[in-house]
Amino acid sequence: MPQPPLRVFSGIQPTADSLHLGNYLGALRQWVSLQDDYDCVYSVVDLHALTVGPDPAALRQRVRATAAQFLAAGVDPDRSILFVQSQVPQHAQLTWLLNCVAGFGEASRMTQFKDKAAKLGDKAITVGLFDYPVLMAADILLYDANLVPVGEDQRQHLELSRTLAARLNSRFGEGAAVVPEPLIVKATAKIHDLQEPSAKMSKTGHPAGIIELLDDPKTIAKRVKAAVTDSGSEIAWDPANKPGIANLLSIYSALTGRPVGQIVEDYSGKLYGHLKADLAEAVIEALRPFRERTALYLDDPGQLDQLLRTGAGRAEALARVVYQRIAARFGLAQGTASR
Ligand code: ATP
Ligand code: LTN
């Protein structure tokens with residue numbers, strides 16, 4: 001008997017007007033190719049973005065901008081389900097159930113929470129920020145996802161999702177939840193900040209350290225040329241001692257498909273400046289069509305909203321069944337007043 005295709009789920013937060021090269025190479029690019037072999041569900045996770053208290057008008061705009069970029073990258077709404085998290089109420093509902101099986105200590109150990117909390121200070125930390133990884137687990141379990149393509153920074157959150165799924169199965173019996181596997185592509189799992197190569201490139205990082213997917217060619221060239229390089233002048237693959245150059249080589253290799261070793265050979269005897277000039281050109285050319293396609297989707301917000309509503313309807317049809325299955329295992333009464 002042929003098996004049904006495995007299910008993939010992933011999400012990106014609408015926390016900026018533009019995604020960056022880390023989001024693209026670490027996650028979004030994999031999302032697109034996975035569509036050929038898997039049953040994919042992709043979400044603009046706006047409930048997650050609420051954890052940093054965004055301005056409502058900015059959030060509304062960024063939800064559309066993020067969805068437009070998914071589409072521009074090649075997420076195909078006919079083959080995959082593309083939707084906005086808050087339009088499917090079961091995400092919040094399942095989060096509550098998982099809150100009641102997740103350990104307080106377990107959630108307290110999440111390094112991303114600890115880092116963000118340290119930056120925000122005691123007064124600004126919300127319960128939502130603390131609960132962020134449980135909401136992420138709900139996203140994944142709600143679709144019985146088998147595979148979750150993300151960057152390296154999400155590994156610990158994924159591990160928590162796996163733990164919670166396994167706990168449902170041991171508490172309520174097998175079949176309560178599917179235990180998901182992370183899909184982290186090693187070569188692009190962590191794209192580094194151009195100004196601070198020890199940190200990951202992040203939407204909330206220093207602007208000069210980021211290449212945004214919607215940046216114009218001039219800005220891209222400026223950012224690449226100003227990237228921090230390392231002492232010495234030899235172009236070599238040495239992530240421990242030359243993290244700045246290693247980052248540029250990783251990006252170049254990921255965009256051109258040429259192995260790092262071959263690039264290093266090509267640039268033997270050349271200067272950092274040569275590599276930067278060619279890399280800037282490669283990034284500009286890779287992103288030009290992407291920027292144009294994003295603008296087309298954003299030109300027609302009515303159509304984009306309609307496409308997202310259709311996606312939410314398809315997502316909810318799946319989520320309702322799984323939510324009811326899990327809620328029943330907890331012993332909750334079935335049905336709602338309206339149905
Ligand atoms: P923020 O800075 O707002 O926390 P972010 O830039 O980390 O955001 P997310 O929405 O949290 O972006 O991440 C979306 C996806 O991009 C996730 O799969 C994440 O692992 C991946 N990702 C983010 N930054 C990088 C990076 N520098 N390298 C590789 N993958 C990344
Ligand atoms: N926390 C993730 C975004 C996210 C996610 C998900 C990723 C929310 N829910 C479910 C994969 C699966 C991040 O990248 N910051």
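Heavy-atom basis, side chains included; hydrogens, waters and symmetry copies ignored. Both ligands and their constituent atoms are indexed starting at 1 by order of listing.
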Proximal atoms of ligand 1 relative to [X] (non-hydrogen, under 4.0 Å):
X	answer
Met201	24 (N), 25 (C), 26 (C), 27 (N)
Gly26	29 (C), 30 (N)
Ala27	15 (C), 16 (O), 18 (O)
Thr15	3 (O)

Look at [atom] and say which protein heavy atom is nearest, naming residue and atom and giving the distance to 0.1 Å.
atom	answer
atom 10 (C) of ligand 2	Phe9 CE2, 3.5 Å
atom 13 (O) of ligand 1	Asn23 ND2, 3.6 Å
atom 15 (N) of ligand 2	Tyr132 OH, 2.8 Å
atom 4 (C) of ligand 2	Gly11 O, 3.7 Å

Within 6.0 angstrom of Trp237 CH2, more than 12 heavy atoms from elsewhere: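 Result for CH2/Trp237: enclosed.
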Whether over 12 other heavy atoms sit under 6.0 Å from Asp122 CG: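 Open: at most 12 neighbouring heavy atoms sit under 6.0 Å from CG of Asp122.
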Within-shell test, Thr188 vs ligand 1, heavy atom, strictly < 4.0 Å: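 Contact check Thr188 vs ligand 1: positive.
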Salt-bridge present (Lys186, Glu152; N to O < 4.0 Å):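 Judged by the 4.0 Å cut-off on N to carboxylate O distance, Lys186 and Glu152 do not form a salt bridge.
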N/O separation below 3.5 Å, His157 to ligand 2: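 Among all N and O atoms of His157, none is under 3.5 Å from an N or O of ligand 2.
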Gln154, any N or O under 3.5 Å of ligand 2 N or O: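 Indeed, backbone or side chain, Gln154 has an N or O that close.
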For ligand 1, the portion of Lys203 having any non-hydrogen atom under 4.0 Å away: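 Near ligand 1, Lys203 shows its backbone as well as its side chain.
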Any N/O pair Lys200/ligand 1 closer than 3.5 Å: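 Between Lys200 and ligand 1, an N or O pair is found under 3.5 Å apart.
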Shortest reach to atom 21 (C) of ligand 1 by a heavy atom, considering only Ala49, Gly151, Ser10: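 The nearest heavy atom belongs to Gly151.
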